[in-house]
Amino acid sequence: MSNGTEPALRCVEDPYHINDVENMLLRFREQGYVVLRNVFERESVDAFREQVEAAVKRTESGRPVLPADSPLNIAPTRASRIRQLLPGALSPATMKPHPSLFEIAWLISEPGPPISADKGWHKDRDHEGMPGREYHYPRDVHLGMYFTDMT
């Protein structure tokens, strides 16, 4: 690692323009997902991936895992552009959002065949509500992060 424990990943600190935020939130409400672009400083991503690859251990079954106390586990979640979008994606009314990390598989998943929108993207919850199909805010939001270029 760069200095023993410090993750190399650096986040873009400039916030998204309010028009971009509103457009992304609209897309999220309509489609159930949205792509956030330019969240990390590009020149820091490769070094971060190298840190993660060096820190990965394999379980007896061969599954890749990061040690639970590794700062690499949470480094991507500190991105200000991600945090900028979450309040508008989660319910503004009844409950205060409580972010949780269920697993860090997005950091270390094995590469596989490409997933296209018609074969792999899906909603985990019915975000379109109940009777009348009015919009209901989701109870959770899943973040998938890619540290390689993708189309």
Side-chain angles (χ1 to χ4, degrees), residues 1-3 5-53 55-56 64-109 111-112 114-151:
M1 291 192 208
S2 59
N3 69 2
T5 59
E6 183 68 23
L9 191 63
R10 299 290 171 253
C11 304
V12 173
E13 295 300 329
D14 294 332
Y16 288 120
H17 188 278
I18 188 64
N19 291 346
D20 294 327
V21 169
E22 293 301 323
N23 286 332
M24 286 186 280
L25 289 173
L26 177 62
R27 203 167 297 125
F28 176 73
R29 290 181 190 119
E30 289 177 347
Q31 299 174 346
Y33 72 92
V34 68
V35 176
L36 308 181
R37 290 178 167 72
N38 302 315
V39 172
F40 306 109
E41 293 179 9
R42 180 65 186 105
E43 60 277 359
S44 72
V45 172
D46 290 339
F48 177 69
R49 284 186 58 224
E50 289 174 11
Q51 287 179 313
V52 170
E53 289 167 3
V56 164
V65 296
L66 279 172
D69 61 349
S70 172
L72 300 173
N73 287 321
I74 62 167
T77 65
R78 296 184 177 181
S80 60
R81 287 187 163 188
I82 292 171
R83 290 181 282 123
Q84 182 184 5
L85 270 284
L86 283 177
L90 297 168
S91 173
T94 57
M95 297 188 318
K96 179 180 177 184
H98 294 283
S100 344
L101 290 176
F102 291 107
E103 63 177 278
I104 47 83
W106 44 266
L107 267 181
I108 54 176
S109 294
I115 297 174
S116 64
D118 61 335
K119 294 184 180 162
W121 293 102
H122 65 279
K123 294 181 185 181
D124 284 337
R125 304 273 192 267
D126 181 6
H127 298 312
E128 295 184 24
M130 302 299 267
R133 297 182 57 81
E134 64 272 6
Y135 182 77
H136 288 218
Y137 285 91
R139 294 184 181 190
D140 51 17
V141 174
H142 297 260
L143 296 173
M145 299 180 196
Y146 299 87
F147 296 100
T148 57
D149 291 333
M150 56 182 275
T151 56

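Hydrogens, waters and symmetry mates are skipped; everything else that's a heavy atom, side chains included, is used.
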Taking all non-hydrogen atoms of both residues into account, name the closest pair between [X] and [Y] and its distance.
{"X": "Ala79", "Y": "Cys11", "answer": "CA-SG, 3.5 Å"}
{"X": "Pro64", "Y": "Val56", "answer": "CB-CG1, 3.6 Å"}
{"X": "Leu72", "Y": "Leu66", "answer": "CB-CD1, 4.3 Å"}
{"X": "Ser44", "Y": "Ala8", "answer": "CB-O, 3.3 Å"}

message: Does Asn23 have more than 12 heavy atoms from other residues, nucleotides or ligands lying within 6.0 Å of its CG?
response: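 Above 12, so yes.
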- prompt: In this structure, are over 12 heavy atoms from other groups packed under 6.0 Å from Arg37 atom CZ?
  reply: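 Atom CZ in Arg37 is not crowded, with 12 or fewer foreign heavy atoms closer than 6.0 Å.
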Can you check whether [Y]'s main-chain N or O pairs, donor with acceptor, with [X]'s side chain at less than 3.5 Å?
{"X": "Gln51", "Y": "Glu6", "answer": "yes"}
{"X": "Ser80", "Y": "Asp14", "answer": "no"}
{"X": "Asn73", "Y": "Pro67", "answer": "yes"}
{"X": "Gln84", "Y": "Tyr16", "answer": "yes"}

query: At what distance, to the nearest 0.5 angstrom, does CD1 of Ile74 lie from CG of Leu9?
result: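 Going from CD1 on Ile74 over to CG on Leu9, the span is 12.0 Å.
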message: Could you measure the distance from the CG atom of Leu36 to the CE atom of Met24? Nearest 0.5 Å is fine.
response: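 So the CG of Leu36 and the CE of Met24 are separated by 6.0 Å.
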task: Could you walk me through whether Glu22 and Ile18 pass the side chain to side chain contact (heavy atoms under 4.5 Å, CB included) test, one step at a time?
output: CA-CA 6 Å; Glu22 293 301 323; Ile18 188 64; 4.0 Å; yes
field: salt bridge (Lys or Arg N to Asp or Glu O under 4.0 Å) partners for Glu53, two or more places apart
entry: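 Checked Glu53 against salt bridge (Lys or Arg N to Asp or Glu O under 4.0 Å); matches are Arg49.
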- request: With sequence neighbours excluded, tell me which residues meet side-chain contact (heavy atoms from CB on, under 4.5 Å) with Glu43.
  value: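 Expected list: Glu41.
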- prompt: Which residue, Val52, Val45, Asp46, forms the side-chain contact (heavy atoms from CB on, under 4.5 Å) with Phe48?
  reply: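 Considering Val52, Val45, Asp46, a side-chain contact (heavy atoms from CB on, under 4.5 Å) with Phe48 is found only for Val52.
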task: Output every pair passing salt bridge (Lys or Arg N to Asp or Glu O under 4.0 Å) with a member in residues 64-84, not counting sequence neighbours, ordered by first then second residue.
output: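 Non-adjacent pairs meeting salt bridge (Lys or Arg N to Asp or Glu O under 4.0 Å): zero.
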